[in-house]
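One structure is given here, and the rest of the page talks about it.
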Amino acid sequence: MEQDTITAISTPIGEGAIAIVRISGEESFAIANRIFPTKDLAKVDSHTIHYGSLVDPKTDEKVEEVMVSVMKAPRTFTREDIIEINCHGGMVSVNRVLQLILREGARLAEPGEFTKRAFLNGRIDLSQAEAVMDLIRSKTDKAMSQALNQMDGRLSNLIRSLRQQLIETVAHVEVNIDYPEYDDVEEMTHQMLVERGTAVKEEIQRLLLTAKQGKILREGIATAIIGKPNVGKSSLLNILAQENKAIVTDIPGTTRDVVEEYVNVRGVPLRLIDTAGIRETEDIVERIGVERSRKALQDADLILLVLNGNEPFTKEDAALFEAAKEHDIIAVINKTDLEQRIDLAEVRAVAGDVPIISTSLVEEKGIDQLETAIAETFFEGELDSGDLTYVSNVRHIQLLEQSEQALDEALQAVEDGMPLDLVQIDITRTWELLGEIIGDNVHESLIDQLFSQFCLGK
Ligand SMILES: Nc1nc2c(c(=O)[nH]1)N(C=O)[C@@H](CNc1ccc(C(=O)N[C@@H](CCC(=O)O)C(=O)O)cc1)CN2
Ligand SMILES: Nc1nc2c(ncn2[C@@H]2O[C@H](COP(=O)(O)OP(=O)(O)OP(=O)(O)O)[C@@H](O)[C@H]2O)c(=O)[nH]1
Ligand SMILES: [K+]
Ligand SMILES: [Mg+2]
C-alpha cells in the first residue's frame with residue numbers, strides 16, 4: 001500500500017471563484033492541523049466542512065481564509081484520509097496554499113494519482129478508473145452517461161460474470177483430468193465446454209458489436225463537410241451548430257483551415273469538420289488547406305458532400321463523390337433559393353443510392369430533412385445508451401478481440417478432440433485476458449501509463 005501523503009490542486013488552473021487543494025494519505029490530518037489552527041480536524045466528524053484561517057506555522061502569518069473538508073478513511077475517494085481545502089480561486093492564493101502543504105510534508109501528486117490510489121486500494125477496478133477519465137473528457141451527453149454507467153461498474157460486472165462462467169468450466173475440466181477413467185464424465189465435459197464456451201463467446205461478440213456505437217458515443221461521428229469553394233460548407237456548419245463558428249463570406253477560399261465543432265443532431269453526437277473548398281490552387285496557404293480537407297475526408301465516418309444548386313454539376317463535383325465513395329455520404333444541394341442550374345439527373349447518376357437533400361441555408365430550408373437523413377444513416381431509430389453495456393475504450397476492445405480468439409481456439413480444440421489440458425490452457429488464457437479489462441494481472445507499467453493520462457489533481 002502507498003505510504004506518501006500526496007497533494008494537488010484539483011480544480012482548473014486559472015482564475016475562479018473557488019479552488020480546491022486536495023490532500024490524501026496518512027499524514028493528511030496532521031498536515032492540515034499544523035496549518036489550520038482554528039480547530040482540531042482529527043476530532044471532527046468525517047464528511048464535515050469547517051470555516052477558518054490558514055496560517056503559516058513558521059511566521060504565524062495568515063495565508064488564507066478557507067473552508068476545509070474532512071473525510072476519514074476508509075470511506076473516501078482514495079480510501080485514505082482526505083483533506084480538501086477550499087480557498088479563493090486566484091493563482092497566487094492557490095499556489096501559496098499548495099506550497100504550504102508541500103512544505104509541511106506532502107508530496108506533489110502525479111497526474112491521476114488520487115484515482116490510482118482508489119484503484120490500488122480496491123475501491124474501483126481499472127475499467128471504472130478509466131471511466132473516470134472518460135467522464136472528464138466526454139464531449140456529449142451520451143458519452144457522459146456511458147462513462148457514468150461504466151463507473152458504476154456495469155462493464156466490470158459483465159466481465160466478472162463471464163470470467164466466473166469460464167472458471168466453472170475449467171473446474172469441470174480439472175475433474176475430468178483428475179479422473180480420466182470415467183468415460184461419461186469426459187463426454188459431459190465436452191458437451192459442457194462447447195455449451196458454456198459458446199455462450200461466453202456470443203456475449204463477447206455482442207459486446208464487440210457495441211464497440212462501433214461506443215466509439216460514436218465517445219467521440220461523436222466524425223463528419224466532414226466537403227465541397228468545392230463557396231458552395232456553403234461553413235454556412236452548413238454554423239446552422240447545425242446553431243452558432244457562427246466558421247467564417248462565411250462570398251469569397252471562394254474563405255476557409256483555409258479545418259474548423260471543428262461538436263453538435264447533437266437528434267441525439268446523435270457529431271464531430272463536425274468544416275474544411276477548405278477543394279480545388280486546384282496556386283495559393284500556398286489555400287493549398288495546405290485543401291490537403292487537410294482531403295485528409296479530413298479520409299478520416300471521416302460520414303461525408304456531407306455539398307453542391308451548389310445555382311451552378312451546373314461539374315467533373316470536380318463528380319471527383320469528390322469518387323474520393324468519398326468508401327464512406328457514408330449524404331449529398332446536399334444547397335442554394336435552392338437561387339435559380340437552379342444543376343442537373344439533378346446528372347447528380348443522381350453519379351450519387352447512386354446516396355441520399356440527396358436540397359437546402360437553402362440562407363433561408364434555413366431543408367435542415368430538418370438533412371437532420372433526419374443523418375440520424376437514419378447511422379441508426380435504426382435513436383441511439384440508446386440506456387440499457388446496453390457499451391465498450392468504447394480501445395484497450396478494452398483489443399482485449400475482447402483477443403479473448404474471443406483464445407476462446408475460439410479452445411472450442412476448436414474441443415472439436416478436434418484435443419486433450420483437455422490443452423483446451424484448459426486456452427480457456428485460462430481467455431479468463432486472463434478478460435481480467436486485464438478490469439485490471440487483474442495487468443503489468444505495473446501499464447497501470448502507470450494509463451493513470452499518467454489523467455489530469456493533475458484527479
Ligand atoms: N469536493 C469533491 N468533489 C468531488 C470529488 C472529490 O473528490 N471532491 N469527486 C472525485 O472524483 C467526485 C465525487 N466522487 C467520489 C466518489 C467516491 C467518494 C467516496 O467517499 N466514496 C466512499 C463512500 C462515501 C459514502 O458513502 O459516504 C466509498 O466508496 O467508500 C467520494 C467522492 C466529484 N466531486
Ligand atoms: N443564396 C444563397 N447563398 C448561400 C447559401 N448558403 C450559403 N450562401 C452564401 O454563399 C457564400 C459562401 O458561403 P460559405 O458558407 O462561406 O461557403 P464555403 O463552402 O464555406 O466557402 P469556402 O470556405 O470559401 O470554400 C456566402 O456568401 C453565403 O452567404 C444559400 O443557401 N443560398
Ligand atoms: K466562402
Ligand atoms: Mg468555408
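When a ligand or atom number is given, it counts from 1 through the structure's own listing order.
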Can you tell which part of T249 has a heavy atom less than 4.0 Å from ligand 2: side chain, backbone, both or neither?
-> backbone
Closer than 4.0 Å: a protein non-hydrogen atom to atom 15 (C) of ligand 1 | yes
Does a side-chain heavy-atom distance below 4.5 Å link V200 with L166?
-> yes
Check ion pair R160-D440 (N to O, under 4.0 angstrom) = no
Under 4.0 angstrom from atom 34 (N) of ligand 1, is there any protein heavy atom?
-> no
Number the atoms of ligand 2 from 1 as they appear, then name those within less than 4.0 Å of a heavy atom of T254, with their elements.
-> 22 (P), 23 (O), 24 (O)
Would you call R395 and E436 a salt bridge, taking side-chain N to carboxylate O under 4.0 Å as the test?
-> no
For the pair K295 and D299, find out whether any cationic side-chain nitrogen is under 4.0 Å from an anionic carboxylate oxygen.
-> yes
Please could you name the atoms of ligand 2 that D250 approaches to less than 4.0 Å, counting only its heavy atoms?
-> 27 (O)
K62/E64 ion pair, N-O < 4.0 Å = no
Contact between N310 and ligand 2, counting heavy atoms under 4.0 Å?
-> no
Is there a nitrogen or oxygen of V231 sitting under 3.5 Å from a nitrogen or oxygen of ligand 2?
-> yes
Considering distance alone, does some N or O of G232 sit under 3.5 Å from an N or O of ligand 2?
-> yes
Are any of the protein's heavy atoms under 4.0 angstrom from atom 19 (C) of ligand 1, yes or no?
-> yes
Which of the ligand 2 atoms, numbered from 1, are nearer than 4.0 Å to a heavy atom of K233 = 15 (O), 17 (O), 18 (P), 19 (O), 20 (O), 21 (O), 22 (P), 25 (O)
Verify the distance criterion only: is there a donor paired with an acceptor across the side chains of T377 and D328 at less than 3.5 Å?
-> no
N/O separation below 3.5 Å, L338 to ligand 2 | no
Nearest protein heavy atom to atom 25 (C) of ligand 1: under 4.0 Å?
-> yes
Is the closest N or O pair between S234 and ligand 2 shorter than 3.5 Å?
-> yes
Which bit of P252 gets closer than 4.0 Å to ligand 2, counting heavy atoms only: side chain, backbone, both or neither?
-> backbone
Select one of side chain, backbone, both or neither to describe which atoms of I251 lie under 4.0 Å from any atom of ligand 2, heavy atoms only.
-> backbone
Identify which one of I82, I83, D81 satisfies the side chain to side chain contact (heavy atoms under 4.5 Å, CB included) criterion when paired with S24.
-> I82
Within reach of ligand 1, part of M71 (heavy-atom separation under 4.0 Å) | neither
Could you check if a side-chain atom of R271 sits within less than 4.5 angstrom of a side-chain atom of I221, using non-hydrogen atoms only?
-> no
Closest protein heavy atom to atom 5 (C) of ligand 1, given as residue, atom name and distance to 0.1 Å | R22 NH1, 4.6 Å
For ligand 2, which part of N334 has a heavy atom less than 4.0 Å away: the side chain, the backbone, both, or neither?
-> side chain
With the threshold set at 4.0 Å, does a side-chain nitrogen-carboxylate oxygen contact exist between R34 and E104?
-> yes
Check whether any side-chain heavy atom of L207 lies under 4.5 Å from a side-chain heavy atom of Y390, and answer yes or no.
-> no
Could you tell me whether E113 and K116 have a side-chain N and a carboxylate O separated by less than 4.0 Å?
-> no
State the atoms of ligand 2, each with its element, that fall below the 4.0 Å cut-off from a heavy-atom position in P229.
-> 25 (O)
For atom 3 (N) of ligand 1, is some protein heavy-atom partner under 4.0 Å away?
-> no
Those atoms of ligand 2 less than 4.0 Å from some heavy atom in G277 | 25 (O)
Within a distance under 4.0 Å of any heavy atom of K458, pick out the atoms of ligand 1 and give their elements.
-> 10 (C), 11 (O)
Atom 23 (C) of ligand 1: closest protein heavy atom, distance to 0.1 Å, is R75 NH2, 3.9 Å
Verify the distance criterion only: is there a donor paired with an acceptor across the side chains of S392 and Q146 at less than 3.5 Å?
-> yes
Is the shortest side-chain N to carboxylate O distance from E80 to R117 below 4.0 Å?
-> yes
Can you check whether T359 has an N/O within less than 3.5 Å of an N/O in ligand 2?
-> no
Would you call R96 and D56 a salt bridge, taking side-chain N to carboxylate O under 4.0 Å as the test?
-> no
At under 4.0 Å between heavy atoms, which part of L361 makes contact with ligand 2: side chain, backbone, both or neither?
-> both
With heavy atoms and a 4.0 Å threshold, my read on which part of D337 contacts ligand 2 is side chain
Is the shortest distance from a Lys or Arg side-chain nitrogen in E260 or K245 to a carboxylate oxygen in the other one below 4.0 Å?
-> no
Proximal protein heteroatoms (N, O or S) of the K ion (ligand 3), under 3.4 Å | N230 OD1, T249 O, I251 O, T254 OG1
State whether D45 and K72 are salt-bridged, where the test is any N-O pair (Lys NZ or Arg NE/NH1/NH2 against Asp/Glu carboxylate O) under 4.0 Å.
-> no
among protein heavy atoms, the one nearest atom 28 (C) of ligand 1 is R123 CD, 3.7 Å
Salt bridge present between D317 and K228 (N-O < 4.0 angstrom) = yes
Please could you name the atoms of ligand 1 that E84 approaches to less than 4.0 Å, counting only its heavy atoms?
-> 1 (N), 2 (C), 6 (C), 7 (O), 8 (N)
Does D274 come within less than 4.0 Å of K233, counting only side-chain N to carboxylate O?
-> no
No-hydrogen, no-angle side-chain donor-acceptor test under 3.5 Å, R22 and T7 | no
Do E316 and I278 have side chains that get closer than 4.5 Å, going by heavy atoms?
-> no
Flag R79 as yes when one of its N or O atoms lies below 3.5 Å from any N or O atom of ligand 1, and as no otherwise.
-> no
For ligand 2, is there an atom lying under 4.0 Å from some heavy atom of S360?
-> yes
